[in-house]
Q: 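Pasting a structure here, questions to come.
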Amino acid sequence: MSPGVAELLLQRLEREPAGPGGGLCSLAAAAALGVEHQAVVGAVKSLQARGEVIEAQPRCSRRWELSPEGREVLRDGSPEVRLLRSLPPGGLPPGEASKLPGGAVGFSKAMANKWLRLDKGAPGGPRVLPTVQDAVQDAVQESLRRVQRGEAEQLPERELAELKRRKLLLEVTLKSYWITKGSAFSTAVTRQETELTPDMIVTGSWRARPFKPYNFSALGLPPACGHLHPLLKVRSQLRQIFLEMGFSEMPTQNFVESSFWNFDALFQPQQHPARDQHDTFFLLDPAEAPAPPPAYAAKVKKVHSQGGYGSQGYKSEWRMEEARRNLLRTHTTAASARALYRLARQEKFCPVKLFSIDRVFRNESLDATHLAEFHQVEGLVAERGLGLAHLLGLLRQFFGKLGITRLRFKPAYNPYTEPSVEIFSYHEGLWGSLGCLSLSGGLWGVSRLCVTGGPGAPRPGALGGAGELGRVPPGAAAAHGAPRERRGHRLGAVAGAPHHDQIRHQQHPRAGRAPRQPADGL
């Protein structure tokens, strides 16, 4: 077997005298051995890992090399000299002179060297004439020839800088090593063991084998610190899906919400069962919430009092003091109501796609299918001319990104969307509700958008969908585990139970009847 680069390097280093002056440059060693310099660098690092066999000090050196343009000048001459040689004694017009060899680049240099002159009063127009009759010395070509011979250090720095500026020279920084013999120098290269095997222990051969020293200062891989809660994993997945679909996230920082935005703006009457104390966390001694926009509040009051869209058949009495009561937000649709109001107040309607994923609170006792605090997912699309087909297509696209492709839709009732649908998915031999991922989807009524008022409400269609993330149906997502087992340190992946009464607060005896028309054009 032919010796490798490391063995050849050690053999050559052995012939070098010992002492301060003895040593070998890795560049010279690569040239003497006829190998690439990088191969010598690899051999040096390999020998350094074997202990004190050699000592290597890194060095940096500067070297000048000819660029492709420089090699062309070395072969054919500088552009200014080539132009002078090609120019006839009678000269040429400037346009024709620039077409000669080297004319485009060498004209300015030849003029600076006073080898050419421009006669503007010549018959027939300006002409470029030579001013020297004898052959000129090509100093640029001679300088490049000296660089090629390795005499670049003898040239003035100013001349080297000029050649570099003209892109005829390249300044190359070389990293090399000065190699000397170490305290354990030897020409025999022995392979160091990196692993202690059971056979070495049984036979005792480990005593005679050299082992590679362990680097205790090496930085290992950073350990994984902590893990996301299972529900937060699903939350991150859903957020990424919405972002891929072109949605923007709505602000949902208000855990404490006013009854107006949480209920009244969504046309849930103030006598609705969903506002009972046993269902809603009303704050006992809070400061009143800020008053809603007066014009908007007046329109909402009119709809409530006349039994218009959303409060069908109630014709309920509406009081401002009830609307300004503070509560823990029961659903993130309050954020959607605010977003639609801001959209309608714009001077020019702009289509939007919004989503929210945040906490909501219900005054319910904890059991295997209920939490008093959970997360809700909600999406909203506002654009002209949207219909139920757009809603169903959007829902299929959303659930398809979750890996849920077999969907069914059933008509449902919601106070603030008409028509509405409930979504079901086929999973492992049964059809189950997808209420935890999308409680329902529907079209915001035209009256809902017109009530928001403002010049920015040109009667667009709007798609809305809401759902609960804290109540898990079978196989809907990766956040397994009953709610009672998603508290504390026990976060194992166990099967969860579906929640079947998610719209019980929104059922109404008139849910199956045709909706009433908006009152007074609202």
Side-chain angles (χ1 to χ4, degrees), residues 250-345 356 358-364 372-376 378 380 413-418 439-440 442 444-445 447-449 451-453 464 466 468 502-508 519 522:
M250 288 184 281
T252 55
Q253 295 86 358
N254 297 331
F255 289 166
V256 177
E257 187 59 88
S258 70
S259 293
F260 179 83
W261 293 106
N262 196 80
F263 291 122
D264 297 273
L266 301 175
F267 304 130
Q268 290 188 353
Q270 294 184 348
Q271 292 77 27
H272 197 281
R275 302 169 80 145
D276 291 345
Q277 285 285 355
H278 68 274
D279 287 321
T280 303
F281 284 110
F282 280 104
L283 303 185
L284 296 180
D285 190 20
E288 283 190 343
Y296 186 29
K299 293 180 180 180
V300 171
K301 178 180 179 180
K302 193 172 184 179
V303 172
H304 279 261
S305 61
Q306 295 183 358
Y309 179 83
S311 54
Q312 303 171 22
Y314 275 97
K315 292 187 179 181
S316 59
E317 178 185 0
W318 191 87
R319 295 181 295 116
M320 175 62 76
E321 53 270 21
E322 177 68 21
R324 295 185 64 181
R325 292 180 65 188
N326 277 326
L327 62 130
L328 292 181
R329 182 179 59 201
T330 60
H331 46 74
T332 56
T333 316
S336 299
R338 291 178 181 269
L340 283 175
Y341 178 75
R342 287 192 296 268
L343 176 65
R345 302 302 295 176
S356 64
D358 209 2
R359 296 179 184 175
V360 293
F361 306 86
R362 303 279 174 84
N363 191 6
E364 299 174 347
E373 172 191 342
F374 51 95
H375 284 72
Q376 192 174 54
E378 188 153 334
L380 170 69
Y413 169 76
N414 278 305
Y416 41 85
T417 57
E418 180 70 27
L439 170 62
S440 63
W444 293 97
S447 350
R448 170 72 185 87
L449 295 175
V451 167
T452 58
E468 300 172 0
Q502 294 165 358
I503 60 173
R504 67 186 189 281
H505 298 317
Q506 299 170 353
Q507 299 293 349
H508 188 268
L522 293 180

Q: Do you know which two heavy atoms are closest between Ser336 and Leu380, and how far apart they sit?
A: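 That would be O-CD2, 4.3 Å.
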Q: Below 30° counts as parallel, above 60° as perpendicular, anything between as tilted: where do the rings of His304 and Phe267 land?
A: tilted
Q: When the ring planes of Tyr296 and Trp261 are compared, do they come out parallel, tilted or perpendicular, using 30° and 60° as the limits?
A: tilted
Q: State the OG-CD distance between Ser259 and Gln268, to the nearest 0.5 angstrom.
A: 10.5 Å
Q: I need the minimum non-hydrogen distance between Arg329 and Asn254, along with the two atoms involved.
A: NH1-O, 3.0 Å
Q: I'd like to check Met250 versus Thr332 (side-chain heavy atoms, cut-off strictly below 4.5 Å). Are they in contact?
A: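 No. Closest side-chain heavy atoms not under 4.5 Å.
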Q: If I compare all heavy atoms of His331 with all of Asn262, which pair ends up nearest, and what's the gap?
A: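 Reported closest heavy-atom pair: CE1-O, 3.0 Å.
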Q: Suppose we screen for side chain to side chain contact (heavy atoms under 4.5 Å, CB included). Which residues come up paired with Asn363, at least two apart in sequence or across chains?
A: Phe281
Q: Tell me, do Arg275 and Asp264 make a side-chain contact under 4.5 Å, heavy atoms counted?
A: yes
Q: Provide the closest heavy-atom pair for Gln271 versus Glu317 in the form atom of the first, atom of the second, distance.
A: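 The pair with the smallest heavy-atom distance is NE2-O, 3.5 Å.
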Q: Taking Thr280 for its side chain and Ala274 for its backbone only, find out whether a donor-acceptor pair lies under 3.5 Å.
A: yes
Q: Can you confirm whether Leu328 sits close enough to Val256 that some side-chain heavy atom of one is under 4.5 Å from a side-chain heavy atom of the other?
A: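 They are in side-chain contact.
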Q: Do Arg362 and Thr330 touch side chain to side chain, with heavy atoms closer than 4.5 Å?
A: yes
Q: For Arg359, what residues pass the side chain to side chain contact (heavy atoms under 4.5 Å, CB included) criterion, not counting sequence neighbours?
A: Phe255, Phe361, Glu373, His375
Q: For the residue pair Phe263 and Gln270, establish whether any side-chain heavy-atom pair is separated by less than 4.5 Å.
A: no
Q: If only side-chain N and O atoms count, and only distance matters, is there a donor-acceptor pair under 3.5 Å linking Glu378 with Thr333?
A: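 Yes, side-chain donor-acceptor contact under 3.5 Å.
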Q: Please give me the minimum heavy-atom distance between Pro251 and Ala335, naming the atom from each residue.
A: O-CB, 4.0 Å
